[in-house]
Amino acid sequence: MRIGINAHKLSFEPGFRQAGTSRYIEALLQRLPGLAPEVEFVAFTGAVPGEWVERFPPELTWKQARIRTAWPPVRILWEQTAGQGIGRRERLDLLHCPLNVAPLAPGAPTVVTVHDIAFERFPHHYPAGQTRYLSTLTRLSARRATRVIAVSAATKRDLIEFYGVPAERIDVVDNGVDEFFRPLPPEAIAEFKCRHHLPDDFLLFVGTLQPRKNLDGLLRAYALIAERLGW
């Protein structure tokens, strides 16, 4: 079997674009070849720095575009132009699109991962053009996909409610926890607190600063907890 993965959202530069879905795609590319050694995995990306290629399993096949798909408009352009018919051209048995949207005519069965559709519930948090694009393409991609992966039960419910995707075609697959995320030794924590002038007890939020993250609600919840525990 030959499975393609649309990995154009994979970011190689530190910053907010390297969070979230970029981490998700990176983990897929790191883990899948070892979990299914009989499958050939093909990663479709923009230009990949040589030192990054060395971090991934050697069995992984790379197909790098000649255009700078790290810029979102160019990535979208690739998906809906070069991505059309890519399944036939690359002899794919399956194309996995890990960020809500698939090419409209992929030329192979698709699996689409939908992380959330916050742009449907909270459209005022997004530019109007972005909302229209995400709403239209996510709806079409989810309805046409052979299977849809939702990263939470809440996302599955939203897909059924907003897009009418049949429940039996949606699989809830929770995001895993990489080995990188493990308790630090006490001396490392002490050094971190000292470097950032933090008190002995603190709460750390590592998400991107976007309205849909509801950081205000999170802070209010923490304040209630602190009040009830007498902190």
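Quick note: residue numbers are just sequence positions, from 1. Side chains are part of it too, since the values below use all heavy atoms of this structure and drop only hydrogens, waters and symmetry mates.
- Residues Arg139 and Phe162 come closest through the heavy atom pair NH1-O, 3.3 Å.
- Listed for the Asn100 side chain is no donor-acceptor partner under 3.5 Å among the backbone atoms of Val112.
- Put simply, the side chain of Tyr222 reaches to within 4.5 Å of the side chain of Leu218, judged on heavy atoms.
- Centroid-to-centroid, the aromatic rings of His196 and Phe202 stay 6.0 Å apart or farther.
- The two residues Arg91 and Arg2 come nearest to each other via the heavy atoms O-CD, 3.3 Å.
- Side-chain N or O atoms of Asn6 include none that pairs as donor or acceptor with a backbone N or O of Leu95 at under 3.5 Å.
- Cluster annotation: Val165 and Val101 are assigned to the same hydrophobic cluster (Ile/Leu/Val/Met/Phe/Trp/Tyr, side-chain heavy-atom contacts under 4.5 Å, transitive).
- Contact of the Pro58 side chain with the Pro33 side chain is not registered, since no non-hydrogen atoms from C-beta on lie closer than 4.5 Å.
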Side-chain donor-acceptor pairs of residues 140-148 under 3.5 Å, sequence neighbours excluded:
{"unit_1": "Ser141", "atom_1": "OG", "unit_2": "Ala102", "atom_2": "N", "d": "2.9"}
{"unit_1": "Ser141", "atom_1": "OG", "unit_2": "Leu137", "atom_2": "O", "d": "2.7"}
{"unit_1": "Arg143", "atom_1": "NE", "unit_2": "Tyr163", "atom_2": "O", "d": "2.8"}
{"unit_1": "Arg143", "atom_1": "NH2", "unit_2": "Tyr163", "atom_2": "O", "d": "3.1"}
{"unit_1": "Arg144", "atom_1": "NH1", "unit_2": "Leu104", "atom_2": "O", "d": "3.0"}
{"unit_1": "Arg147", "atom_1": "NE", "unit_2": "Asp171", "atom_2": "OD2", "d": "3.0"}
{"unit_1": "Arg147", "atom_1": "NH1", "unit_2": "Glu168", "atom_2": "O", "d": "3.0"}
{"unit_1": "Arg147", "atom_1": "NH2", "unit_2": "Glu168", "atom_2": "O", "d": "3.1"}
{"unit_1": "Arg147", "atom_1": "NH2", "unit_2": "Asp171", "atom_2": "OD1", "d": "3.0"}
{"unit_1": "Arg147", "atom_1": "NH2", "unit_2": "Asp171", "atom_2": "OD2", "d": "3.0"}

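- Here the shortest heavy-atom pairing between Pro98 and Tyr24 reads CB-CE2, 3.7 Å.
- When all heavy atoms of Ala108 and Gly87 are compared, the pair lying nearest together is CB-CA, 3.7 Å.
- Side-chain heavy-atom separations under 4.5 angstrom define the hydrophobic clusters, and the remaining members of the one that includes Ile189 are Leu184.
- For the pair Thr69/Phe44, no side-chain contact is recorded, criterion being any heavy-atom separation below 4.5 Å from C-beta on.
- Under a hydrophobic-cluster definition in which Ile, Leu, Val, Met, Phe, Trp and Tyr are linked whenever side-chain heavy atoms come within less than 4.5 Å, directly or via other members, Val111 and Val172 are assigned to different clusters.
- Cation-pi geometry between Arg55 and Trp52 is met: the NZ or CZ atom falls under 6.0 Å from the ring centre, inside 45° of the normal.
- Side-chain contact between Trp71 and Leu77 is absent, with no heavy-atom pair separated by less than 4.5 Å.
- Within the 3.5 Å criterion, the main-chain N or O of Pro37 finds no donor-acceptor partner in the side chain of Glu59.
- For the side-chain contact (heavy atoms from CB on, under 4.5 Å) criterion with Ile5, the lone passing option out of Val42, Thr45, Leu32 is Leu32.
- There is a path of hydrophobic side-chain contacts, each under 4.5 Å, that joins Leu28 to Leu60.
- Counting only heavy atoms from C-beta outward, the side chains of Phe122 and Asn214 never approach each other to under 4.5 Å.
- Residues Arg75 and Leu99 have side chains in contact (heavy-atom distance under 4.5 Å, counting atoms from C-beta outward).
- Relative ring orientation between Phe119 and Tyr126 is described as perpendicular, the plane-to-plane angle rising above 60° on a 0-90° scale split at 30° and 60°.
- Nearest heavy atoms, Leu92 versus Gly4: CD2-N, 3.7 Å.
- Although no hydrogens or angles enter the test, the distance criterion places no donor-acceptor pair under 3.5 Å between the side chain of Arg89 and the main chain of Gly107.
- Taking the side chain as every heavy atom from C-beta outward, Asp158 and Glu120 never approach each other to under 4.5 Å.
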- When you look at His96 and Thr113, which way does the side-chain hydrogen bond (donor to acceptor under 3.5 Å, both in side chains) test go after all the steps? CA-CA 8 Å; His96 182 194; Thr113 297; 2.9 Å; yes
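- Both Leu134 and Leu159 are assigned to one and the same hydrophobic cluster, defined by single-linkage of ILVMFWY side chains at heavy-atom distances under 4.5 Å.
- Here the shortest heavy-atom pairing between Thr131 and Pro123 reads OG1-O, 3.7 Å.
- Hydrophobic clustering, with ILVMFWY side chains joined whenever heavy atoms are under 4.5 angstrom apart, groups Phe41 together with Leu94.
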